Amino acid sequence: MPHGLAMLEILRRGRPGGLPISGLTDWKIRIYLMRWSKTYIPTLRQKQTEAELISHQLLLRAGYIRKLAAGIYLYLPLMQRVIDKFSNIVREEMNRAGALEITMSVLCPAELWQKSGRYDTIGKEQMRLKDRHQHDMVLCGTHEETVTNLIAGEVRSYRQLPLNLYQIQVKFRDEIRPRFGLMRGREFIMKDAYTFDADAESFARSYQAMVDAYFAVFKRAGLDVIKVESDSGAMGGKVAHEFMLLVDTDAGEEDIAVCNKCGYAANVEKAEFKDDAPDPTDAEPKDMETIDTPGAATIEEVTEFLKVDATALAKTLMYKADGKPVAAMVRGDRDVNEVKLRNALKAVDLEMASEEEVLKYTGAPVGFAGPVGLKDVQILVDPLVAEMKNMIVGANAGEKHIKNVNLDRDFKAAEVIDLTRARGGDTCPHCDGKLDVKDGIEVGNTFQLGTNYAEKLGAKFLDADSEERPCIMGSYGIGITRTPQAALEKYFDDKGIIWPKAIAPYLVELIPIKMDNENQVAAAEKIYAALTEAGIDVLYDDRDERPGVKFNDADLVGVPVRITIGDKSLKDGNVELKARSADKFDLVPVNEVVEAVIRLAETLN
RNA sequence: CGGGGUGUGGCGCAGUCUGGCAGCGCGCAUGCUUUGGGAGCAUGAUGUCGGAGGUUCAAAUCCUCUCACCCCGACCA
C-alpha cells in the first residue's frame, strides 16, 4: 500500500477532535479527520429566523455554530477549526512579541474586584454567584484583577520587568441584550494580554509592541483593520485604541470618524473635531425676550416656527448622573456625545431624565428646557454654545422659548467642556481634512491602564533606587470568536462564505462528482493523500450525494479552493481547480495538483 | 428594564380571529429509478401544539399565571 494511503488509514481510525497522531512530523500534528462523511457539518437549507446579520446567518446555515441559550453558542467542528487557526496566528504573533501564554481561571473571588473598586462600578454585566461555602464569586469578563493579583507579591524588583502575560480563554459577560451571534454573545473567547513595566519609556515600548503584533495578526488573517482612538470606558486609564474592521453591511456596531487627509481616526465616542459653522454673529448682547412657540418643542419645529437656523438655538438636555440632575447644552444642530458627558461628570451612572423628571427639574414638559432660572441643576456647556451670542433656548415653561440669551449674563455654567458628537463633514482636529464617519466592528483593543490596578492590588516593585513603585500596566484584547464572524461581514456572496485562506477551516474542498465511479474515487483518494502529505488541509466530500448538493454545500461552507473530479476532465487525466472567489476553473493534471493548489493559494487573500 | 413580537415533528411554517380527527414544505428511514449546481416515484416513522392552572360535552384555539426566544431602545471591557 502506498505511503499516502497507509496514512489515510491512520487518519480514518484517528480520533475526531484533533488529537495528535503519533509518527507524524511536527507540522502535520494538526491533521484531523477530513472526510465529510466522518465529520459533522449540519448545513441548513433554510434561513434561520433567529439571525439578523448575514455573518450570523451564514455561520448557522453552514453548520459552524448552534445556539444553546441567548448569547451562548456551541462551536461545531468547522468553527473549532476556524478558532484554532485564528488562535494560532494570535499565539504566534504574541509569542513573537515576547508575551508569555498562561491560563487564568474564569471564576474569581469577588474580593479581588472589591479591592480594585470595579465590583461596584461594573454593574449587572458581571455574572455573580456563590459557591457552596457561600463565598461570593464572579465570572470574569476580563482579567485585570486576576493577573495583577498574580503579579502582586511575586514581582518585587524592576529587574523582573517588563512582563507580558496573555491567555486565550473564555470570558463571560452577562450582556443586557445579547445579539448578532458571536459578535455580542455572553460567553465568548478572547485573547487578553497584560503588560507590566517599571517606567514610562519601557511601557511605551511594550504598548507599541502589542500594536505592531495586532497589525501583524490581522494582516495574516486577511483582514484590513484600522487603529482608532477610543474612550477607555470602564477600564479606567487615559489612552486607548480600538482595532476596527470597516464594513459596508449594517453590522457596524461602532461609528468611526476618519480624516481623509492626515490619518486621524477615532471612535465617534471619542472623536474631536473643528466646527465649521459660520462664526456666531458679533452682535451686541440684546435684552432677553420670552416668546410663545405654540406647538414647537423639537429643534425642527422651533426653527420652522421662528424661521431661524438650528445654529441659532441651544439644546438643553436633561440627564440624571448618579441620581443628580444635570443639564447638558449643545448647539441646536448638534447631538450630545454621552460618553464625553459621562467623562466630564465622572459619573458611574448616566441616563436621560424621564418625562416626569424633566418636569420636576425644569417645571416644563420635554422640549422646553433651558438654562435660564434652572435651580439645583448642574449646567454643562459645550464650547460651541459658549461662544454663541443672543441664543434661543427653552424657557422652562410650556410652549415658550427665550431669545437673546447669553452665557454668564443670563445663566452660569458649572463647566464649559466639549460635549458634542462629531459627525461626517466636520473638520479634522489635527489638519484641514474632513472627517468621514464609517461603520466598524471592533476586533481588538489596547488600553493604557497606568498604575491604578497595580496600586489597588499591590503590584509593586523596588526600582534601582530602592524605592517602591507600582507597575505601569496595559491591557490588550482580541476577540477570538468575534473576529471570524466580523470577517464574514466582508467575505461572502449570495451562495455563502468566502473565507480568507488563513482562517478558513480547510484550504481545499475535494469533490468527486460520482462516488460510485471507481476512477473518480481513485483520483480523489490519490489527491487527498498527496495534499494531506503536503500538510494542506483538505475537506474531502466523500458523500454519495448529487453534485448540486455538494457544490452548494461547498459554496456555503466557503472553503477557499475547490477541486472537482468528474468524467469530463478526468478522461484526459485532469481535475478542475477553482477558487471559491472565482467564476472559472483551471484544468490541472492529477499528479500536479499539489503544486497547482499552492500556486493558486498564493494568489488568494 | 421599557416597547413590540414569536413559541405547533429535526428545520421553515399554516391552523388560533369564529373551540369540533394536528396539517403543509423541507429533512429523515426503506426500495426502485436517477446523478456536472439543492432529483423523481412509492412506502413509512416522527408531535405531552413552551409550561401550569382554569372555562367547556370538547381547547393548539377562550381566560389567568408563568417560562423561553427574537426585534427596537437604554447598556457595552
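Side-chain atoms are counted along with the backbone in the values below, which use heavy atoms only and exclude waters and symmetry mates. Worth saying up front: this structure is predicted, and the values here are computed from it rather than measured.
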(request) Check the distance between B/G40's P and A/Glu545's CD and give it to me in whole angstrom. (result) 13 Å
(message) I'd like to know if A/Asp493 and A/Lys495 make a salt bridge, using a cut-off of under 4.0 Å between side-chain N and carboxylate O.
(response) no
(message) Between P on B/A74 and CD on A/Glu269, what's the gap in Å once rounded to a whole number?
(response) 12 Å
(message) Classify A/Arg562 by what it touches in the nucleic acid, base, sugar-phosphate, or nothing, heavy-atom distance under 4.0 Å.
(response) base
(request) With heavy atoms under 4.0 Å as the rule, sort A/Asn445 into base, sugar-phosphate or nothing. (result) nothing
(message) Regarding A/Glu338, tell me which of base, sugar-phosphate or nothing describes its non-hydrogen contacts under 4.0 Å with the strands shown.
(response) sugar-phosphate
(request) In whole angstrom, give me the gap between the C1' atoms of B/A22 and B/A14. (result) 11 Å
(request) Quick one, give me the B/S/- string for nucleotides 4-14 of chain B, reading 5' to 3', where B means a protein heavy atom under 4.0 Å from the base and S means that only happens at the primed atoms, P, OP1 or OP2. (result) -------BSS-
(message) Less than 4.0 angstrom from a charged side-chain N to a carboxylate O is my criterion; do A/Asp231 and A/Lys340 meet it?
(response) no
(request) Identify which nucleotide among B/C75, B/C26, B/G36 has an atom closest to any side-chain atom of A/Arg342, counting heavy atoms from C-beta outward. (result) B/C75
(request) Indicate whether any N or O donor in one side chain lies under 3.5 Å from an N or O acceptor in the other, for A/Glu242 and A/Asn267. (result) yes
(message) With rounding to the closest Å, how many angstrom separate the P atoms on B/A52 and B/G5?
(response) 25 Å
(request) Using whole Å, report how far CD1 of A/Ile565 lies from C1' of B/G37. (result) 17 Å
(message) Using ring centroids (six-membered ring only for Trp), state whether A/Trp113 and A/Tyr453 fall under 6.0 Å.
(response) no
(message) Between A/Arg179 and B/C69, is there a contact of a side-chain N or O with OP1 or OP2 at under 4.0 Å?
(response) no
(message) Please report the distance, rounded to the nearest Å, between CZ in A/Arg543 and P in B/G38.
(response) 14 Å
(message) Heavy-atom nearest nucleotide on RNA chain B for A/Thr43 versus A/Glu242: which residue maps closer to 5'?
(response) A/Thr43
(request) Classify the ring geometry between A/His56 and A/Tyr73 as parallel (under 30°), tilted (30 to 60°) or perpendicular (over 60°). (result) perpendicular
Could you list the protein-to-nucleotides 30-34 of chain B atom pairs, N/O on both sides, closer than 3.5 Å?
{"unit_1": "B/U34", "atom_1": "O2", "unit_2": "A/Arg546", "atom_2": "NH1", "d": "2.9"}

(request) If B/A58 has a Watson-Crick or G-U wobble mate with both distances under 3.5 Å, name it; if not, just say none. (result) none
(request) Could you tell me which nucleotide pairs with B/G9 by Watson-Crick or G-U wobble geometry, both distances under 3.5 Å, or answer none if nothing does? (result) none
(message) Counting only side-chain heavy atoms from C-beta out, which of B/G73, B/G38, B/G37 sits nearest to A/Lys495?
(response) B/G37
(request) May I ask you to say what A/Phe188 touches in the nucleic acid, namely base, sugar-phosphate or nothing, with a heavy-atom cut-off under 4.0 Å? (result) base
(message) Categorize A/Met190 for me: base, sugar-phosphate, or nothing, with a 4.0 angstrom heavy-atom threshold over every strand shown.
(response) base
(request) Identify whether any heavy atom of A/Asp553 sits under 4.0 Å from a base atom; if not, whether one sits that close to sugar-phosphate; answer base, sugar-phosphate or nothing. (result) base
(message) Less than 4.0 angstrom between a side-chain N/O of A/Arg177 and OP1 or OP2 of B/A74, yes or no?
(response) no
(request) To the nearest Å, give me how far apart CG (A/Asn552) and C1' (B/G27) are. (result) 16 Å
(message) Once ring-ring contact (aromatic ring centres under 6.0 Å, His included) is applied, what residue pairs with a partner in residues 539-581 of chain A remain, sequence neighbours excluded?
(response) A/Tyr528-A/Tyr540
(request) Please list, chain by chain and in numerical order, all residues satisfying side chain to side chain contact (heavy atoms under 4.5 Å, CB included) with A/Pro162, sequence neighbours excluded. (result) A/Asp197, A/Ser202, A/Ser206
(message) Rounding to an integer number of angstrom, what distance separates B/C26 and B/A39 when you compare their P atoms?
(response) 11 Å
(message) Using a strict threshold of under 4.0 Å (side-chain N to carboxylate O), is an ion pair present between A/Arg186 and A/Asp174?
(response) yes
(message) Measuring only the P atom in each nucleotide, how far is B/C24 from B/U43? A whole number of Å is fine.
(response) 14 Å
(request) Just call it for A/Glu125: base, sugar-phosphate, or nothing, with non-hydrogen atoms closer than 4.0 Å on any strand. (result) sugar-phosphate
(message) So for atom NZ, which belongs to A/Lys171, do other residues, nucleotides or ligands contribute more than 12 heavy atoms lying within a distance under 6.0 Å?
(response) yes
(message) Taking any heavy-atom pair under 4.0 Å as a contact, classify A/Gly477: base, sugar-phosphate, or nothing.
(response) nothing
(request) Rounded to whole angstrom, note down the C1' distance from B/C13 over to B/U8. (result) 9 Å
(message) What's the gap between B/C67 and B/U30 when it is taken at their P atoms, as a whole Å value?
(response) 44 Å
(message) Are A/Phe203 and A/Phe196 an aromatic pair, judged by ring center distance below 6.0 Å?
(response) no
(request) Using the P atoms only, state how far B/A58 lies from B/G54, rounded to an integer number of Å. (result) 12 Å
(message) What is the separation between atom CG on A/Leu68 and atom P on B/C70, rounded to the nearest whole Å?
(response) 12 Å
(request) Tell which nucleotide pairs with B/A42, taking only Watson-Crick or G-U wobble pairs whose two distances are both under 3.5 angstrom. (result) B/U30
(message) For the backbone of A/Gly548 and the side chain of A/Asn552, can you confirm whether one donor and one acceptor N or O come within less than 3.5 Å of each other?
(response) yes
(request) Test for a donor-acceptor pair under 3.5 Å between the base of B/G37 and the side chain of A/Asp555, counting only N and O atoms. (result) yes
(message) Please report the distance, rounded to the nearest Å, between CG in A/Asp541 and C1' in B/U35.
(response) 14 Å
(message) Under 4.0 Å, counting only non-hydrogen atoms across every strand here, what does A/Lys67 touch: a base, just sugar-phosphate, or nothing?
(response) sugar-phosphate
(request) Compare the minimum distances between each of B/C69, B/C26, B/U35 and the side chain of A/Ala69, then state the nucleotide with the smallest one. (result) B/C69
(request) With sequence neighbours left out, write down each residue that passes side chain to side chain contact (heavy atoms under 4.5 Å, CB included) with A/Glu253, or none if nothing qualifies. (result) A/Arg184, A/Ile441, A/Glu442, A/Arg482
(message) I'd like the C1' distance from B/G38 over to B/U56, given in whole Å.
(response) 48 Å
(message) Quick check: on RNA chain B, is the nucleotide nearest A/Phe180 upstream (toward 5') of the one nearest A/Leu570, or the reverse? Name the residue that is more 5'.
(response) A/Leu570
(request) Counting Watson-Crick and G-U wobble pairs only, both distances under 3.5 Å, name the nucleotide matched with B/U64, or none. (result) B/A52
(message) Among residues at least two apart in sequence or on other chains, which ones pass side chain to side chain contact (heavy atoms under 4.5 Å, CB included) with A/Leu76?
(response) A/Tyr40, A/Pro42, A/Arg66
(request) Rounded off to whole Å, could you give me the CG-to-C1' distance for the A/Asp174 and B/A74 pair? (result) 16 Å
